[in-house]
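Computed from a predicted structure; not experimentally measured. Count residues from 1 along the sequence.
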Amino acid sequence: MNRTALVVAVLGAACSTAAPDKQDRSCMDDTDCLMGQVCNNNICFENDLPPRDGIAIDVQTAVPPFRLEILGDDAALERILDRLPNRYYIDRAQVRDRLLITLKEKQLDDLEEGTGEAVPVAASIELQQPSRLARAPFVVTDLSFPPPTLDGSIDSEPELIKVWPGYAAGDDNADQPLYAKLTYQDDVAGDQPFQWGRGIVARQLMRKKADAPLDDEFEILTVRECHRRVLGNIRFPDGPLATEPPLDPLPNVLVNMRHAGRADDGDPETPVCDPNPMGETPATCSVETIVNPPYHGCSTGLCPDPYVCYPDPVDDVKRCGCKRDSECPQGQVCRVDLQQCALDLTDRPAIKQVTAEAKDDAAVSAWVYTYCDENPTADRTMEFVVSAAPDARLGLPRLNYRVVLTFLIGDLKGSTPLGRICLPTWQRPVEVLVPLSGKPARLFQKADQEWTCCDTSCLAEAATQPPPEAPTVCMVKPPITVVGDFAVPDPAKWAAAACMPLSGADEQGNVRVTYGSADCDGDDDACSVNLSPGPADGGGSGQAYTLRVEPPVGSVFRSTLVPIAITSDSSVLSETELQPRVLLRGTVSQAGCSDSGCVPAEILAERVIVGEDPDTLLGPYFFNATTVEGKFVLPVNPGVYLVTALPTVTPQNSAIGPAPIVVVDLREDSPELVEEDGVWVFDMDKADADDDKAAFSLAAGAVYTVELDDFVSNSRVIPLDLTFGEGLLHPDGEPLDLNAPGTCLPGEGCQIRRIRPVSSPLRVPQNQIVRFVARAAAAAAE
């Protein structure tokens, strides 16, 4: 039987009722069975399933949105050994909870007593939960309360029902908090004596821990009187903007606000969520954002991580809790007076985006939720970051300001002064062409032929076609974003105008700002960008900017920062010659084939960013390429990289697994780099090897067969390797944790943990059985 027929036969056996031979031996667990057997339903079976710790899969369904992240030790992962094929099994019904959400607003009849009726209130809802696998969070938007009814009627007791992934109480990271962003509808105009507006509310939904699917009921209560209006204005302290030529439509400024929490002093012993800090603004930390897991007693002194055993601040007992932020789960901070962890509101949105006219004294009006639920009669001091994004046609910087507001109880139906959002007065932008060029690089050679190109797309047909004609020069049109340093031009004028202070300014008063991006879709050989020459009295030197030039994956040109100065007569910048990337080269061999008889493999290279300066770090961070007749070339920016090879998935190599991940130093001062025709090259092949000199050798891996029962056909499945990274070291000697955010990406674990090629996504088929190949134990140990 050939390999293709064998694969068809194995997958076809998924519906077979034939049972494999079993040992006539009863058991309670695997230790009661003979070597090579496992206990299933109290009977010992021969086991050919790979180990559980090799399973980590992210299953995502688009419609309706649902995401399940499974680890090998999860209780929901079963072993099927009494029906061929032997496989792991997940029943969607066992990992699917229901969220039953009701939104109510208490309208206080008696402010002092805090009494009033709670009635349903309309809002849009966004749900967000952190990933168990250190990937991007699971986010569901466009939910609404009350939910629409089929006949358009109004439900007197509405309830939003949303299916959500559920994990057993003992599963790792099973209790990740669920964040709800609530955007409430404002009162409609009418005969009411006062029209209430509403800000955005953050809530943390703590679900019950259980070993079986359940319904989680959440009645989210807010207090209408906690919504408070803020009123500010736009100001141009340096003089009015130019009105000629007129702009149609009139320009505006988009204003947002987010919670600042409290300025972190960098001391991990200082809690951010301290309602009474010494000399600081109290943090926004309400009892309604408190995490409410069972803060059980700890007479033994033991608590689950990261909690610590402390005397209760009220009762004469000891309970698990916190006094520091480090004693709370990620995304939470310590409410020190209650010794409980609360949702970290820092950077959470506080208002609905508002639009103001781009003119002096234009009003900015918004509503903020003050989280006064505990005590609506108390004044409330809070800190915010206010952001202003002027119309791109004005060419002005996008600025952030920091403001401390005190909401007085006597101003319930008045307005709290927000302050002045000040912007500089600059000349209108001019359109400038940004010509970028570079020399092509020799990427590949075969016999007496050479492929000299501007990017790797020229290798697409290298196995069967001769090389295209080599260009003499490459005109490059990569993605370009514009950044710069901004400082208040005349501090005396801005102080006299009572402007809010800039957020994040350094000791010299400079802040890093963005100015949008260039347009590279035109017919010219250059991108164009609209940038202001700066103040009219700038002295003729022009306004300074920095272009972040980040060519895409495949380009032979490295990402770079280009400083420029724009004057009123600028139209075309001087041509910039881009330097070449480092060429990562090598060979991939595969068991059972040779050279042209092997199916292509995919090479992955991911930048290690830990310890890098975020101001000078440029993307992309993740590169991939396909081999040509077993060889690969991958142009990458200088840096330290994780590199591996994955087999292309075909019936001919259905059991071939990924290669080990290796760390490669491609920094410009690395002694491993060799210069060829002005290009740095790193050859991963082992020149002194006795047998196989290939950089990567693909061999048989661990074949996983998983049945995803009742999952939507065509759901996307992403298998990950969470275990291999142990023991990897940075060239400078520091250990690398591929599962930690910040090693490769700021907020996620490394993408290179994936074990399926980017070009071969795995989908749930009609028979519900997926199959993937992970690194075998021997490969992972190398």
Side-chain angles (χ1 to χ4, degrees), residues 183-184 186 194-201 225-241 250-263 281-282 284 345-372 379-391 394 396-426 486 488-505 509 511 513:
T183 306
Y184 291 92
D186 296 335
F194 183 78
Q195 183 178 345
W196 286 93
R198 290 168 178 82
I200 294 177
V201 179
E225 285 74 12
C226 289
H227 291 281
R228 305 294 288 276
R229 189 181 186 216
V230 294
L231 185 62
N233 58 3
I234 304 293
R235 179 60 63 91
F236 292 88
D238 305 312
L241 288 174
L250 294 175
N252 53 37
V253 180
L254 299 180
V255 179
N256 282 291
M257 285 176 61
R258 62 185 187 271
H259 292 282
R262 181 172 61 79
T281 303
T284 302
L345 290 177
T346 305
D347 280 336
R348 302 286 185 187
I351 67 169
K352 305 166 188 174
Q353 178 176 279
V354 296
T355 301
E357 293 182 73
K359 67 177 186 179
D360 230 19
D361 284 329
V364 175
S365 177
W367 287 80
V368 173
Y369 193 72
T370 63
Y371 297 88
C372 71
D379 297 339
R380 188 83 168 150
T381 300
M382 304 171 67
E383 193 164 2
F384 301 92
V385 172
V386 180
S387 64
D391 192 308
L394 299 177
L396 299 178
R398 304 170 184 176
L399 297 178
N400 292 327
Y401 317 84
R402 202 172 186 99
V403 61
V404 176
L405 302 180
T406 297
F407 299 93
L408 302 175
I409 187 58
D411 291 337
L412 269 179
K413 294 186 177 181
S415 297
T416 299
L418 172 64
R420 286 176 174 163
I421 299 173
C422 292
L423 295 168
T425 302
W426 284 3
F486 175 82
V488 172
D490 190 335
K493 287 184 178 178
W494 283 49
C499 301
M500 290 187 288
L502 295 177
S503 177
V511 293
V513 296

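Applying the salt bridge (Lys or Arg N to Asp or Glu O under 4.0 Å) test to residues at least two apart or on different chains, the pairs with a partner in residues 353-364 are Arg235-Asp360, Arg235-Asp361, Glu357-Lys359. Sorted by first and then second residue, the side chain to side chain donor-acceptor pair (under 3.5 Å) pairs with a member in residues 406-415 read Arg229-Ser415, Thr381-Thr406; sequence neighbours excluded.
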Would you list the atom pairs, donor with acceptor, under 3.5 Å between side chains in residues 488-504 and any protein atom, with sequence neighbours excluded?
residue: Asp490; atom: OD1; partner: Ala492; partner atom: N; Å: 3.2
residue: Asp490; atom: OD1; partner: Lys493; partner atom: N; Å: 3.4
residue: Trp494; atom: NE1; partner: Asp238; partner atom: OD2; Å: 3.4

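One finds the OG1 atom of Thr416 at 9.5 Å from the CH2 atom of Trp367 (value rounded to the nearest 0.5 Å). A distance of 5.0 Å separates CE of Met382 from NE2 of His259, quoted to the nearest 0.5 Å.
Every side-chain hydrogen bond (donor to acceptor under 3.5 Å, both in side chains) that Asp391 has, sequence neighbours left out, goes to Arg393. Applying the salt bridge (Lys or Arg N to Asp or Glu O under 4.0 Å) criterion to Asp379, with sequence neighbours excluded, gives no partner residue. With sequence neighbours excluded, no residue satisfies side-chain hydrogen bond (donor to acceptor under 3.5 Å, both in side chains) with Arg228.
Note on ring orientation: taking the six-membered ring where Trp is involved, the planes of Tyr184 and His227 are perpendicular (angle over 60°, cut-offs 30° and 60°).
Side-chain atoms of Thr370 come within 3.5 Å of backbone atoms of Cys226 as a donor-acceptor pair (strictly under, hydrogens ignored). A donor-acceptor pair under 3.5 Å links the side-chain atoms of Arg380 to the main chain of Tyr371, judged by distance alone. Here the side chain of Tyr401 pairs no donor or acceptor atom with the backbone of Ala388 at under 3.5 angstrom.
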